[in-house]
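One structure is given below, represented as structure tokens, and several questions about it will come after.
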Amino acid sequence: MPRPLPEIVRIDWPAGHDAPPTATDAALDRAAAVLRGGGLVAVPTETVYGLAADALDEAAVEGIFRAKGRPATNPLIVHVADVAMARSLASNWPEAADRITASLWPGPVTVVVPKAAAIPDAVTAGGPTVALRCPAHPLARRLIARSGIPLAAPSANRSEQVSPTTAHHVLESLGSKVSLILDGGPCDRGIESTVIDCTVTPPRILRPGPLARADLEAAVGGPVAWPSGGHAGGEPARSPGSRARHYCPKTPLELPADPAARVAGLLAAGNRVGWLVLSADERARSLAGSRDLVVVPMPADPAAYARQLYATLHALDQRQLDRLVADPPPTDEAWRAVTDRLSRAAEAGS
Ligand code: AMP
Ligand code: MG
């Protein structure tokens with residue numbers, strides 16, 4: 001018997017209200033019951049949708065890896081309601097973690113710290129450290145606080161696919177592998193959190209994300225290092241699971257140095273092409289009338305670009321195109337996270 005499709009429950013918290021509507025709290029109570037029973041729930045956060053399970057329940061955590069088809073070597077981020085919960089999951093609380101969490105939580109930054117014994121090995125891929133984050137999404141935080149359960153939650157998609165920024169994306173990727181999806185609308189940031197290793201001096205960014213290095217340096221009150229390695233996205237040495245190929249759309253994506261020439265060549269060879277355009281120059285305009293070309297103008301601001309990136313890739317994947325081409329983003333630091341995700345999405349492998 002095929003398993004039934006998941007239930008999708010809308011949750012919201014209209015601005016100006018002290019508490020969410022009763023129906024939202026009822027949905028959060030149901031989600032908490034599923035989590036307490038060792039089940040999986042897809043939860044909106046301000047970065048992307050997470051596939052959540054009780055981080056202290058090894059069997060539940062293994063369910064996440066099975067549902068995603070995620071290699072056991074790729075550790076999970078544990079989501080907490082506040083700094084006190086985070087500290088209870090760490091065997092030692094480094095000064096850098098203290099400063100970052102005091103000024104940037106709740107928010108899209110994950111700290112890597114020495115793990116407490118209570119955390120199952122499955123969560124940390126057997127490693128001695130754990131990645132912790134307090135999400136800014138008020139409903140995600142309310143779910144964690146009410147259930148009292150720290151939530152292990154990677155992005156709610158099949159491994160290596162594009163992360164979900166809507167409940168619909170979760171449904172498309174995971175289908176009946178998840179039983180309950182909380183629909184909180186589109187994610188505000190649209191890409192995964194900045195991950196920073198607080199067990200080294202100076203603290204080191206393992207994955208660029210919505211919070212820039214300058215934000216982290218201001219919080220730490222000192223320097224913060226970029227990932228070691230020369231890859232555009234950096235190959236996080238202490239993130240065993242971070243491989244170059246990740247976040248891949250089904251349609252192969254390229255980041256050519258001369259996108260207009262590449263698109264013209266692909267069209268001439270009979271391909272149907274989707275083009276994420278940053279600057280519509282003359283050559284881009286001259287191709288824009290082609291029947292076989294879908295042109296998507298992308299925002300010139302990196303945060304706005306990040307917010308739209310995954311939704312754009314999901315939408316283009318529905319168009320039966322042969323190839324996606326993206327204009328390379330500017331090289332300045334503000335674009336680092338977008339460049340990281342685009343270059344991983346463009347990594348050939350299929
Ligand atoms: P995802 O949940 O798919 O966004 O991926 C979580 C990412 O967080 C991993 O791929 C690692 O890059 C990072 N991460 C999680 N736990 C650790 C850890 N203990 N040490 C270093 N990096 C980690
Ligand atoms: Mg992911």
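What you see is a predicted model; the values in this text were computed from it and never measured. First listed ligand is number 1; within each ligand, the first listed atom is number 1.
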Within reach of ligand 1, part of L76 (heavy-atom separation under 4.0 Å)
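It is the backbone that gets close, since no side chain atom is under 4.0 Å.
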
Identify whether the distance between the nearest side-chain nitrogen and carboxylate oxygen of E46 and R133 falls below 4.0 Å.
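Yes.
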
Below 4.0 Å from ligand 1: does a non-hydrogen atom of K115 turn up there or not?
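For ligand 1, residue contact (heavy atoms, under 4.0 Å) with K115 is absent.
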
With a 4.0 Å cut-off, would you call D340 and R344 a salt bridge?
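Counted as a salt bridge, because a side-chain N and a carboxylate O are separated by less than 4.0 Å.
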
Contact check: T129 vs ligand 1, nitrogen or oxygen atoms, below 3.5 angstrom:
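There is such a contact, yes.
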
Under 4.0 Å between a side-chain nitrogen and a carboxylate oxygen: does that hold for D327 and R262?
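Not counted as a salt bridge, because no side-chain N and carboxylate O are separated by less than 4.0 Å.
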
Below 2.8 Å of the Mg ion (ligand 2), tally up the protein N/O/S atoms for me.
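For the Mg ion (ligand 2), protein nitrogen, oxygen or sulfur atoms under 2.8 Å: 1.
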
Which of the atoms of ligand 1 are close to L206, meaning less than 4.0 Å from one of its heavy atoms?
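Taking each heavy atom of L206 in turn, ligand 1 has 21 (C), 22 (N) under 4.0 Å.
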
Less than 4.0 angstrom from a charged side-chain N to a carboxylate O is my criterion; do R142 and D25 meet it?
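So R142 pairs with D25 through a salt bridge.
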
With a 4.0 Å cut-off on N to O distance, would you call E62 and R66 a salt bridge?
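Result for this pair is no, no salt bridge flagged.
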
Check this for me, if you would: do E192 and R207 make a salt bridge, where the nitrogen-to-carboxylate-oxygen distance has to be below 4.0 angstrom?
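No, E192 and R207 are not salt-bridged.
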
Taking distance alone, with no angle check, do N74 and ligand 1 share an N/O pair under 3.5 Å?
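N/O-N/O distance under 3.5 Å: yes.
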
With heavy atoms of I77 as the reference, note each atom of ligand 1 found under 4.0 Å away.
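Contacts of ligand 1 toward I77, numbered from 1: 6 (C), 8 (O).
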
P154: numbered ligand 1 atoms lying under 4.0 Å from its heavy atoms
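In order of number, 2 (O).
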
Location of contacts on R70 toward ligand 1, heavy atoms closer than 4.0 Å
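It is the side chain that gets close, since no backbone atom is under 4.0 Å.
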
Can you list the ligand 1 atoms lying under 4.0 Å from a non-hydrogen atom of P75?
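What qualifies from ligand 1 is 6 (C), 9 (C), 14 (N), 15 (C), 16 (N), 17 (C), 23 (C).
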
Salt bridge between R272 and D322, side-chain N to carboxylate O under 4.0 Å?
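No, R272 and D322 are not salt-bridged.
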
Using a strict cut-off of less than 4.0 Å between a Lys/Arg side-chain nitrogen and an Asp/Glu carboxylate oxygen, indicate whether R70 and E160 qualify as a salt bridge.
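No salt bridge links R70 with E160.
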
Looking only at distances, please establish whether an N/O atom of ligand 1 is found under 3.5 Å from an N/O atom of R207.
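In this structure, R207 places an N or O atom under 3.5 Å from an N or O of ligand 1.
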
Do any heavy atoms of T124 fall under 4.0 Å from ligand 1?
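Judged by the 4.0 Å heavy-atom criterion, T124 does not count as contacting ligand 1.
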
Whether the S290 and D292 side chains hold a donor-acceptor pair (N or O, under 3.5 Å, no angle test) is what I'd like checked.
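Side chains of S290 and D292: no pair found under 3.5 Å.
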
Atom CZ of R146 with >12 non-hydrogen neighbours under 6.0 angstrom
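Above 12, so yes.
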
Can you say whether the rings of H169 and H314 are parallel (under 30°), tilted (30 to 60°) or perpendicular (over 60°)?
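Rings of H169 and H314: parallel, under 30°.
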
